[in-house]
Every structure is written in structure tokens, then in C-alpha cells.
Amino acid sequence: MVGIKGGSIACCSMEYDYPLYRPPSEARSMIFQVTLGCSFNQCSFCDMYRSKEYSERPWEQVRSEIDLMARQMPDTKRVFLADGDALNLDTDYMVKIVRHVKESFPSLERISCYAMPMNILKKSDDELNRLREAGLDMLYLGVESGSDLVLKKVTKGATSSMISKAVNRGKGAGYVMSCMIILGLGGRTHSEEHIRGTAELINSCSPNYVGALTLYLENGIKGEFLEKFGEEFIPVSDEEALRELQNLVGSIETEDSIVFRANHGSNAYNVKGTFPADKEEMLKNISWMRSHPEVIRPKGLRGF
Ligand code: SF4
């Protein structure tokens, strides 16, 4: 999972426990931290919460922040529940929080949070339904890869079938599922396997949204990533990442609508569209970009 560091429209009025991350599409959302850190915190490519120990914030604190912001910004339309996997909370407690958010902001259109595959799989259908009925609308899930080999090498803590099952269960309960994948995660050696597995996974569950990022490792995490990978890691170039994207888009076969975005700051290019209608147009754009390397950012800007 990769998020954007930073605050929200509420950042001036509330005291956050930093670092604070949210998905790019939650830039204008109010953020309430209901958990701190990530209950797993072991993915070798992710340093988002390495400085924090996972903990769950008590009701009195969460409620008083919701009440404060309800007084200050009653017209809030979107709320994001942070940190890394708020869905890890006990269902009764999470229902209580979601209900209170819903009741406190009458114009609310959406409540969302990050979720790990295990967070979803550990909940029963009844629990997922209860949370959905309470008002939780959308789950952001870090898929990263659909290749079991790559998932193991980056210590994701989930297999492709677990991820597919989690997305399908989320969709089945009525959540909007937004998934992130990481181009270049298998390096040059496992590039084909990474993309083949990822396309198969997407085809098996058709998330509502798929965002493609490109692997970028902060210096603090690079050593651990390379060590855990278990073999020499050869990073893909921007041109190779674009070829991965071309193979991925070309291999996604779905009749369901998937809003696809590869326009994150980590990418060297900007590709977006909605499957299945825009697939051929996206492929045409990628082919054009591959034959015009001057439109890709200058070499060396990615940190590898
Ligand atoms: S589950 Fe998400 S937040 Fe936690 S370590 Fe893995 S990628 Fe980072």
C-alpha cells in the first residue's frame, strides 16, 4: 500500500500523530485517526508506519475529535479513517465509530479506510455487512502484485488467492474496492511473472478502482527490501515499467467496469481510462509513449 504523506482539510484543528498517510483521492477528506500505525508493518517496500507501534485509539478520544470537527466543519462530505488498517478494529467498535461519524456530519457522502486482505478475511459476512450498513463505503487495499512469488519476496503476508477472495468478499458486501498495484515490484528478473499474476488477480475479482504505482524505495527501507528479496534485485527502468504497464493493460479482460489510473507521482507517465471501454485507447497511448521516450521523465529521477 502506498499513501500520500500529509494532512487533510481538518489538519489545522486537530492534533495528529504523524506521519499521517491517506490515498491520493482522499486529499480533501477529513481524517480521523482511529488506529495508529499498521498492525502488520512488515511489507519490505513500505516504510509508512515503521516509526509507529500499532495501537487502537480509545473511544473517548475518537469521539471528542469527531464532535469537535462536527462543530467546526459540519458540511464535511468525505471522511477517511486512518492509519494503515483501521478495518483491523473489532467490528462492534468500528460500527460505533462509523455510526457516530455518519450521525455527526449530515452532508456526508463517503466514509473510507485502508484495509489489508487479512482484515477483510478475518471478518464474517455478517460483520462486513454490519459495517457497510453503518456507513463504511469504501476500502483501499494494497494488492501490490498477483504473483505469489513476488508477494513472498516482499513479505506481503498474503497470497494472490487471499487477496482475490478479500476483494470479492468486499465487493459482495457492497463496498467500493480500490486496489493498488506496484509496477517493478518483482524487478527485472520476475517482471513477466509479476505482471501475469497481477493481471490474473485483477481478472479474478475486478476491483472498482485499480491504481498502478511504480516501485520507489525511500533510503531507510532500501537495505531491508534488498535483503528480504533473497536474490539480486535488478530494478526496472521507467521504459521497462511502461512495458509492464502495457502488458498489464493488455492482459486485463473484464466485462465489469474498472477505473484504472497510472498517474501517481511515482510513475514516469500518465495513463488512465475505464475498462473495458477504454482498453484499446489506453494501449494506443502506451504504444505511442513507448515510441516517444522523450515524453518519459529524464533518467535517474526515481531513486534507483
Ligand atoms: S500492510 Fe500496508 S501499511 Fe502495512 S506494511 Fe504492508 S503496505 Fe505498509
Side-chain angles (χ1 to χ4, degrees), residues 1-6 16-26 31-57 80-89 94 112-123 138-167 169-170 175 177-186 194 197-198 201 207 209-229 233 264-266:
M1 189 161 68
V2 176
I4 301 279
K5 213 175 197 170
Y16 287 110
D17 187 309
Y18 290 99
L20 177 68
Y21 290 90
R22 50 143 181 94
S25 49
E26 300 291 337
I31 302 177
F32 294 112
Q33 283 177 302
V34 298
T35 59
L36 299 179
C38 163
S39 68
F40 183 60
N41 220 9
Q42 290 178 48
C43 301
S44 65
F45 54 87
C46 169
D47 72 344
M48 284 162 64
Y49 303 109
R50 291 301 169 100
S51 59
K52 290 184 180 183
E53 193 144 332
Y54 175 77
S55 63
E56 301 178 350
R57 296 191 67 228
F80 178 74
L81 302 176
D83 275 340
D85 60 334
L87 199 68
N88 191 54
L89 285 178
M94 183 95 174
S112 61
C113 68
Y114 283 134
M116 287 194 303
M118 272 313 288
N119 298 150
I120 298 175
L121 297 179
K122 276 195 315 202
K123 297 214 184 289
M138 183 167 181
L139 302 175
Y140 292 93
L141 192 97
V143 166
E144 336 301 3
S145 175
S147 153
D148 283 338
L149 176 76
V150 174
L151 289 168
K152 195 168 173 198
K153 282 183 169 295
V154 301
T155 53
K156 178 65 192 168
T159 62
S160 56
S161 66
M162 286 164 71
I163 297 171
S164 173
K165 194 170 170 194
V167 175
R169 287 201 51 222
Y175 294 92
M177 298 298 298
S178 180
C179 295
M180 288 147 275
I181 65 115
I182 305 179
L183 299 169
L185 193 62
H194 170 47
T198 304
L201 191 153
Y209 293 87
V210 173
L213 320 167
T214 305
L215 181 66
Y216 176 85
L217 297 173
E218 301 282 356
N219 279 334
I221 201 90
K222 201 183 264 184
E224 179 188 323
F225 177 86
L226 296 176
E227 191 186 321
K228 282 188 172 169
F229 203 75
F233 180 79
H264 183 259
S266 61

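All values derive from a computational prediction rather than experimental measurement. In each ligand, atom 1 is the first atom listed, and ligand 1 is the first ligand listed.
Per-residue contacts place Gln42 under 4.0 angstrom from the following atoms of ligand 1 (heavy atoms of the residue considered): 5 (S). Residue contact check: Asn41 has heavy atoms under 4.0 Å from atoms 4 (Fe), 5 (S) of ligand 1. Of all the atoms in ligand 1, the ones that sit under 4.0 Å from a non-hydrogen atom of Tyr49 are 3 (S). Near Cys38, the atoms of ligand 1 lying under 4.0 angstrom from a non-hydrogen atom of the residue are 1 (S), 3 (S), 4 (Fe), 5 (S). Close contacts between ligand 1 and Met116 involve ligand atoms 1 (S) [criterion: under 4.0 Å to a heavy atom].
Heavy atoms of Cys43 come nearer than 4.0 angstrom to ligand 1 in at least one pair.
A 6.0 Å sphere centred on NZ of Lys52 holds more than 12 heavy atoms belonging to other residues, nucleotides or ligands. No more than 12 heavy-atom neighbours from other residues, nucleotides or ligands sit within 6.0 angstrom of NZ on Lys152.
For Ser160 and Asp148, the side-chain atoms include at least one donor-acceptor pair closer than 3.5 Å. In this structure, a donor-acceptor pair under 3.5 Å is absent between the side chains of Tyr209 and Ser25.
In this structure, Phe80 has its ring center closer than 6.0 angstrom to the ring center of Tyr114. For Tyr49 and Tyr54, the ring centers sit 6.0 Å or farther from each other.
Contact annotation: Cys46 places an N, O or S atom under 2.8 Å from atom 8 (Fe) of ligand 1.
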